[in-house]
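Worksheet for the structure shown next.
When reading the values below, keep in mind they use all heavy atoms of this one structure, side chains included, and skip hydrogens, waters and symmetry mates.
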Amino acid sequence: MRQPFRRASVYLHLLLITEAVIGLLILAVTAYYHAVFTSYLSEIECRLIYGYLFGIYVFGAQLVVTFLCSIAMWRRIWRRRCTPNIRLLLSVWAFYSCVIIASGFGCAWNLYRGADVLENAADTSLTRGIDMYYTCPEWKLLWDGLQWHKECCGVHGYKDWMNAEWMPRRENNCSSMVLAPFACCKRSCDSCFNNFLPGEGQPIGSRQPFPALTVDSIHANGCLPVFVSAVWNFFYILLALWVLALKFLIMLCCMTKFIVHRQNEGDGCDNVGLTDDDGHPLVVVKYPCNVRCVTIAEDDLVSDNVPDINYCDCPDINDDQCGY
């Protein structure tokens, strides 16, 4: 196939590589947010997260594999003539690429519809984790790490800890006291840490049975809003990457259509509409550089005489063509 303009194959390969890179970005972003989501949930709810993200993993992998393989396909196509089989192959390839992009929109739509389901699952899981904070070491580690790194406290707020069944009840004269785990403390609050550590020369047994905190010394916001924010951030990033993939696919399809159209016009793909100065039909023939073409008049074909041979005056360029 002849390139319709200079470096057409280079631009086409750049578009294919860009689509593959978008697929890699989708895989990387999905893996990152997958780790973020599972840090809020127990093992059972993690399976629910994986069910929602599995389709996105497949979508990203399809982009990478399909468009990297398309580079090899186009390299072979450039070395072949434009035939009906080549046009059929390009049509099937463009249709399959459109199906992949459409499946990506379906994955994004599924995540959008399932945002409430993920929020309810996280709410249920985290609330159960508060009740099991001192009876299950796994939940204690999960809650401490979550509240410390995300700078939050409780599911909806710090009061979720004060309503736990195992939490000691406040006396009437301690209405300003807050009961919460150590991980709820602000990192910049020194007095908060002093409540959990014995003073100099003070024996460990002299500490209060449960340290008292104030609202100003802890993170008052809950961890569930942070989870919901992460879900929506992931959705917006996924949607933006999908829009980019769709944009570059449209450019690929338009460029493919233009290449095939120029082959039909300039390369004699269909041998239609080619005539000489007198209106007689011509057939375009390709021949190697070391082969000379000749023209034989129609009357010489039915004559017994030796025909007069006229050599074609064809330009010395790649893929020379001559009509006879």
Side-chain angles (χ1 to χ4, degrees), residues 1-37 49 51-80 82 86-115 118 228-266 269:
M1 292 178 62
R2 181 176 300 173
Q3 299 187 27
F5 53 89
R6 186 178 181 183
R7 296 182 179 179
S9 61
V10 176
Y11 296 137
L12 186 66
H13 290 168
L14 285 177
L15 291 175
L16 295 173
I17 293 174
T18 303
E19 288 281 17
V21 171
I22 293 175
L24 287 175
L25 289 176
I26 291 176
L27 290 176
V29 171
T30 304
Y32 170 76
Y33 277 97
H34 190 184
V36 171
F37 296 156
I49 294 291
Y52 276 94
L53 300 184
F54 177 76
I56 303 176
Y57 279 119
V58 174
F59 170 57
Q62 283 181 327
L63 285 179
V64 175
V65 174
T66 300
F67 288 102
L68 287 181
C69 293
S70 297
I71 296 176
M73 181 194 74
W74 273 100
R75 286 180 177 175
R76 295 179 63 89
I77 287 178
W78 287 121
R79 297 194 295 264
R80 303 186 59 141
C82 179
I86 293 296
R87 294 198 301 273
L88 177 61
L89 173 63
L90 293 177
S91 299
V92 173
W93 170 78
F95 175 76
Y96 179 70
S97 300
C98 293
V99 171
I100 293 177
I101 299 300
S103 67
F105 178 78
C107 294
W109 178 255
N110 184 45
L111 180 63
Y112 173 78
R113 294 293 300 271
L118 297 178
V228 175
S229 177
V231 172
W232 286 110
N233 288 338
F234 174 59
F235 170 75
Y236 293 136
I237 294 175
L238 178 64
L239 186 62
L241 292 175
W242 177 83
V243 171
L244 286 177
L246 176 63
K247 177 181 178 181
F248 287 112
L249 178 63
I250 293 175
M251 295 174 63
L252 278 171
C253 292
C254 293
M255 192 171 181
T256 302
K257 182 67 176 179
F258 177 73
I259 291 173
V260 174
H261 180 69
R262 290 298 299 270
Q263 301 301 316
N264 293 341
E265 286 185 351
C269 183

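A distance of 10.0 Å separates CG in L249 from CG in L15, rounded to the nearest 0.5 Å. Here NE2 of H13 is found 12.5 Å from OG1 of T18. Values are rounded to the nearest 0.5 Å. From I100, atom CD1 reaches atom CG of L246 across 13.0 Å, with rounding to the nearest 0.5 Å. Here NE2 of H261 is found 14.5 Å from OG1 of T256. Values are rounded to the nearest 0.5 Å. Within the model, atoms CG of L14 and CE of M251 stand 10.0 Å from one another, a figure rounded to the nearest 0.5 Å. Here the straight-line distance linking atom OG of S9 with atom CD1 of I77 works out to 12.5 Å at 0.5 Å rounding.
At least one donor-acceptor pair closer than 3.5 Å links the side chain of N233 to the backbone N or O of S229. In this structure a side-chain-to-backbone donor-acceptor pair under 3.5 Å is present from W242 to I101. Put simply, the side chain of E19 never gets that close to the backbone of L63: no donor and acceptor are under 3.5 Å apart.
A 4.5 Å side-chain heavy-atom check between L90 and I259 finds every atom pair outside the cut-off. You'll find the side chain of Q3 stays beyond 4.5 Å of the side chain of R262, heavy atoms only. Counting heavy atoms from C-beta on, the side chains of H34 and Y52 never come closer than 4.5 Å. Using a 4.5 Å cut-off on side-chain heavy atoms (C-beta onward), I22 and F67 make no contact. In this structure, F248 and L16 have side chains that are not in contact, with every pair of non-hydrogen atoms separated by 4.5 Å or more. With a 4.5 Å cut-off on side-chain heavy atoms, L111 and L118 count as touching. Inter-residue side-chain proximity for L68 and I71 is flagged as met; some heavy-atom pair is nearer than 4.5 Å. Looking only at side-chain heavy atoms (C-beta outward), L27 and F59 stay at 4.5 Å or farther from each other.
A ring-ring contact (aromatic ring centres under 6.0 Å, His included) with Y112 is found for one member of F234, F105, Y236, F235 and no other, namely F235.
Open room surrounds CZ on F54; 12 or fewer heavy atoms of other groups in view lie less than 6.0 Å from it.
When every heavy atom of C253 is checked against every heavy atom of C98, the shortest pair comes out as SG-SG, 4.3 Å. The two residues A20 and V64 make their nearest non-hydrogen contact at O-CG2, 3.5 Å. In this structure, Y96 and T66 approach most closely via the heavy-atom pair CE2-OG1, 3.7 Å. Residues Y33 and A230 come closest through the heavy atom pair CE2-O, 3.4 Å.
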**Report entry** Audit row: Y57, I26, side chain to side chain contact (heavy atoms under 4.5 Å, CB included) steps and yes/no
**Finding:** CA-CA 8 Å; Y57 279 119; I26 291 176; over 6 Å; no

Query raised in the report: side chain to side chain contact (heavy atoms under 4.5 Å, CB included) between V29 and L238: does it pass, once the steps are laid out?
Result: CA-CA 8 Å; V29 171; L238 178 64; over 6 Å; no

Requested in this report: Kindly determine whether Y11 and R6 satisfy side chain to side chain contact (heavy atoms under 4.5 Å, CB included), including the steps that lead there.
Outcome: CA-CA 9 Å; Y11 296 137; R6 186 178 181 183; over 6 Å; no

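W93 and S70 share a side-chain donor-acceptor pair at under 3.5 Å.
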